[in-house]
Number of protein chains: 2
Amino acid sequence: MANIKEVSQLAGVSVATVSRVLNRSGYVHRDTEQKVLKAIETLNYKPNLVARSLSNKKTRTIGLMVPDIMNPFFPELARAVEDVMQLYGYTTILCNSDEKAEKEKQYVQVLEQKYIEGLILVSSALSPEEVNRFEVPVVAIDRTIASEKVPTVTVNNREGAQQAVRFLLDRGYRKIAHLRGPSQLLNAEERCRGYLDIVEKLDWFHPGLIVSGDYEMKQGAKATEELIQKHPDVDAIFAANDLMAIGAIRTVQKLGLPIPEKMAVVGYDGIGIGGMILPELTTMAQPIYDMGALAARMLIRMIEKHSLDSMHHEVQVQLIERGTTRR
Amino acid sequence: MANIKEVSQLAGVSVATVSRVLNRSGYVHRDTEQKVLKAIETLNYKPNLVARSLSNKKTRTIGLMVPDIMNPFFPELARAVEDVMQLYGYTTILCNSDEKAEKEKQYVQVLEQKYIEGLILVSSALSPEEVNRFEVPVVAIDRTIASEKVPTVTVNNREGAQQAVRFLLDRGYRKIAHLRGPSQLLNAEERCRGYLDIVEKLDWFHPGLIVSGDYEMKQGAKATEELIQKHPDVDAIFAANDLMAIGAIRTVQKLGLPIPEKMAVVGYDGIGIGGMILPELTTMAQPIYDMGALAARMLIRMIEKHSLDSMHHEVQVQLIERGTTRR
DNA sequence: AGGCATATTGTAACCGATTACATTAAAATG
DNA sequence: CATTTTAATGTAATCGGTTACAATATGCCT
C-alpha cells in the first residue's frame, strides 16, 4: 500500500501539500492539486486511517454493547445502529456482555484503548458511577441507567403496560395474570407497575397473579403452567415480553385451551417472531428500529460536540392487535 | 490519559525500557521492572492501541460481513464469531451488506484502511477475483465463494437435502414439493439438487413441484398457497430454509390442513424460531454456532500465520425431528 | 589480564498521517 | 513604489507507541 510520502514524491510536492489536498484544508494551487490527485490515482493511494487516528484522536468507530445478540430483540436494534453509523461514516464494534459487569468493564477498557468515539449501551450491569467514568460519550437504550448524566432512549413502559391491560379488560377478559420480568431490570419493574396501576383495585386481583420470569420462553411456559394450575379461572395473560408470551401460548395450547376464546395473551416488545407464530401474538410493540436509530443519532451528535435537544427520549409503544386476543 | 513517556519519566527510565516491560521483550532488570510497574500502576497507564497498531500493523480487529443481522440465521453466527474473537483478544466489527456488492466493497475498503486483520464473509455478492484482491485473510461461510483460494466453512447441503427428502418418504409421505431458495445462491441450488436426486425418478415427480422463493417467510406462504392450489395432492413440503417453511406452515394451517397428518413440512437451517412455533418445525439443522466458531478459529490461525489443516471445512447438518412430520 | 558472551539501558529512527510555523511569491492597497 | 494581504508550499514537530542499534557493565573462561 502506498503511503503519503510516496504520493508526495510522485507529485513532486511535500507531504503537507498532499495532506492539504486530502483534507481540503489550507491553500493549494489548482495545478498542484491536480498533480497530487493524479499521483493518488496512479498509486491507488488510500490514507492510512490508523495513522490519521493517532494524530486526530478520531477513529470513526463506536461500540455497541448488547446482552446477547441472539436475543431476538437485539438484531433489529443492532441493524438500526449500524445503518445510521454507516450512513455517517462510522463503523460499529459489536459486544455481547451477557449482562456481566466484568465482561462489560473489560470490553469498555479495550474499546477506550482503541480510541472508540462513543458507546451505545443496552445493559444494566454497570452502575451509573462506573458508566460516568467512561471517557467517551455514551447513550443508554431501554434499560435506563439511573443517572441524569447519561442520555437515554426509553419507552413508556408503565403506560404501555397500562394500555395493554386496559385493552384486555375492554375485550372482556376478567382475570388477568402477569408474567413479570427479572426483578433487577427497571423495565420489568415498570411494566409490572403499569399492570398493577390498572388491576390493583379490582376485586378479583390478588398478588398471586403475578409470576416472576426471566424474559426467556422456557420460563414463560413453565410459569404459565403453574399459574393455570393454581388459578384456573385466569382468562388472560399479560407477559412482560414477547418471548415469555410465546412460552405462555405454548403452554396454553398444550393444555388445549382455545386462544383467544378462553385465554388471551398479550406480549411486550414487538419482535418479529410474534408475527410468525399462529395465532399471531398481540403485543405492545416498541419501535425497536427507531430506538436504535435515535440512539445512534444522539451519539453522533454528542461525538460531534453538538448539543442534544433532550437528554432523555421516551418513545411510544403501540399496541399491535393480532390473533391472541379476541376482537 | 497517561502515555508511555510520562510513565518512563516517573519510573526514571527510557520509553524503550517501559515498552520492554509492557511487551516482556528484551532484557529488563527485576528492580527496573518493579519501578516501571509501579509507575504504570500509579498513573493508571494503559497503552494506546492506535499508536501500537501504527507501528505493529496489528489491530486485533476483524470484520464480520453478513447480509442482514436481522435475518434469524445470523445472530447465532455473529455470536459465535464474537465469542471466539473475544476469547482471543480480538474485536469484531459488524457489517450488514444487504448482499449489495457496492456496499460490501465500500465496507472492505474502509476496513482495510482501518487495518483490520481479517474478514469473515457470509455473502455471495462479490466475485472470487474481487475477494482475492483483499489484503487481509478471509474466511467465507455458507455461501461458498467459488474459489480454491478462499477458505470456507460450508455444510453438506445436497446430502442434507437428500436426507430430508428420504426422511419424508420413510414417514410415508408420497408427493413431496420443494420450496427452493433464490436462484443465485449456491446453497439453494445444492439443496434443490439434493431434492431432485431423490425424487427425480419417482413416478409422481414433475417439475411443477419445485417453486422458487427468496428465503423469506412471506414468499414461502404465498408459494405454498399457489402450490396447493395447483397440486392439491401434495402431502409434504421440503423448504430450502426455515423461514419459508414457517410461511408454508402458516398457509397450510390457514387452509385447515392438519399438520403433520395431511401435510408435512421440513425446513432447513435450524434457527431458534423453529422450536417456538407450534407444531414445532422439523428441520435439517446446521450447527450454526459451530460454523461461526470454526470460521473464527480458522481466521485467527490465518492471521497468526499458522497453516490450516484444511481449506474447506464441511460440517454436517442434522435432522431435528419435531412436530411438523409424523412419527 | 584479555577476550567474549550475556545482561541492562538508552538514543533515535520509524510507523503514516496532521499541523504549527516559517518562507516566499503574488496580489491588493494606499 | 512601499506596504500589507493573501496564496502557496515546505520543514519539522507531534500523536504514542516499537525496535534496531549502540553503549556500557558484569561475569566467566583461558
Side-chain angles (χ1 to χ4, degrees), chain A residues 1-40 43-61 89 109-117 135, chain B residues 1-40 43-61 89 109-117 135:
Chain A
M1 258 298 209
N3 60 26
I4 197 171
K5 203 170 166 192
E6 298 174 46
V7 173
S8 74
Q9 282 164 355
L10 181 58
V13 299
S14 74
V15 292
T17 301
V18 177
S19 179
R20 285 189 196 104
V21 172
L22 287 172
N23 301 294
R24 316 197 158 290
S25 65
Y27 294 112
V28 177
H29 195 278
R30 281 178 157 246
D31 300 351
T32 315
E33 183 176 12
Q34 285 312 312
K35 279 192 297 184
V36 172
L37 289 178
K38 180 165 290 178
I40 288 175
L43 295 174
N44 188 28
Y45 166 75
K46 303 277 181 290
N48 178 326
L49 296 183
V50 175
R52 186 175 277 179
S53 294
L54 182 58
S55 66
N56 268 353
K57 288 159 179 338
K58 295 198 187 326
T59 52
R60 293 238 146 202
T61 301
Q109 157 93 255
V110 173
L111 294 183
E112 287 189 335
Q113 286 181 256
K114 287 193 178 181
Y115 269 17
I116 59 157
E117 297 194 55
E135 298 183 340
Chain B
M1 261 298 211
N3 60 27
I4 198 171
K5 204 169 166 191
E6 298 175 46
V7 172
S8 73
Q9 282 164 355
L10 181 57
V13 299
S14 74
V15 292
T17 302
V18 177
S19 179
R20 285 187 197 107
V21 172
L22 288 172
N23 301 295
R24 316 195 158 292
S25 64
Y27 294 111
V28 177
H29 194 276
R30 280 178 159 245
D31 301 351
T32 314
E33 183 176 12
Q34 286 311 311
K35 280 193 296 183
V36 171
L37 290 177
K38 180 164 287 177
I40 288 175
L43 296 174
N44 188 28
Y45 167 75
K46 303 276 181 291
N48 179 326
L49 296 183
V50 175
R52 186 175 277 179
S53 295
L54 182 57
S55 66
N56 267 353
K57 287 158 180 339
K58 294 199 188 327
T59 52
R60 294 235 147 205
T61 302
Q109 157 92 256
V110 174
L111 294 182
E112 287 189 336
Q113 286 182 256
K114 287 192 178 181
Y115 270 16
I116 60 156
E117 298 192 53
E135 298 183 340

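Each chain gets a letter, A, B and so on, in the order its sequence line appears, and its residues count up from 1.
Backbone-only engagement by B/Val28 is indicated by non-hydrogen atom pairs under 4.0 Å involving sugar-phosphate atoms exclusively. Across all strands, A/Thr32 comes closer than 4.0 Å only to sugar-phosphate atoms, never to a base (heavy-atom distances). Across all strands shown, B/Thr17 has heavy atoms under 4.0 Å from sugar-phosphate atoms exclusively, and none from any base.
Position along DNA chain C of the nearest nucleotide to B/Val13 versus B/Leu54 favours B/Val13 as the more 5'-ward residue.
If you take CZ of B/Arg30 and P of C/dT6, they are 20 Å apart, rounded to a whole angstrom. Per the geometry, NZ belonging to B/Lys35 stands 13 Å off P belonging to C/dT8, to the nearest Å. Rounded to whole angstrom, the span from the OH atom of A/Tyr27 across to the C1' atom of C/dA22 amounts to 16 Å. In this entry the distance linking CG of A/Asn23 with P of C/dG16 reads 17 Å, nearest Å. Here the C1' atom of nucleotide C/dT19 and the NZ atom of A/Lys58 are 14 Å apart, to the nearest Å. Between B/Asn3 atom CG and D/dG17 atom P the separation is 6 Å, expressed in whole Å. Regarding A/Ile4, its CD1 atom lies at a distance of 11 Å from the P atom of C/dG16, rounded to whole Å. Rounded to whole angstrom, the span from the NZ atom of B/Lys57 across to the C1' atom of C/dC15 amounts to 6 Å.
Without hydrogens or angle criteria, B/Lys114 side chain to B/Thr59 main chain gives no donor-acceptor distance under 3.5 Å. A distance-only check finds no donor-acceptor pair linking the side chain of B/Glu6 to the backbone of B/Leu43 [under 3.5 Å].
For C/dT18, the OP1/OP2 oxygens have a side-chain nitrogen or oxygen of A/Ser19 closer than 4.0 Å. Of the side-chain N and O atoms in B/Ser55, none sit less than 4.0 angstrom from OP1 or OP2 of D/dT18.
For the pair A/Leu22 and A/Ile4, the minimum side-chain heavy-atom distance is below 4.5 Å. A heavy-atom distance below 4.5 Å is not found between the side chains of B/Tyr115 and A/Leu49.
Comparing atom distances between the B/Asn56 side chain and each of D/dT18, D/dG17, D/dT11 picks out D/dT18 as nearest. Nearest nucleotide to the A/His29 side chain, out of D/dG17, C/dT11, D/dT9: D/dT9. With C/dA20, D/dG17, C/dT18 as the candidates, the nucleotide lying closest to the side chain of A/Val15 is C/dT18.
The shortest non-hydrogen separation linking A/Arg60 to A/Gly89 is CD-O, 3.4 Å.
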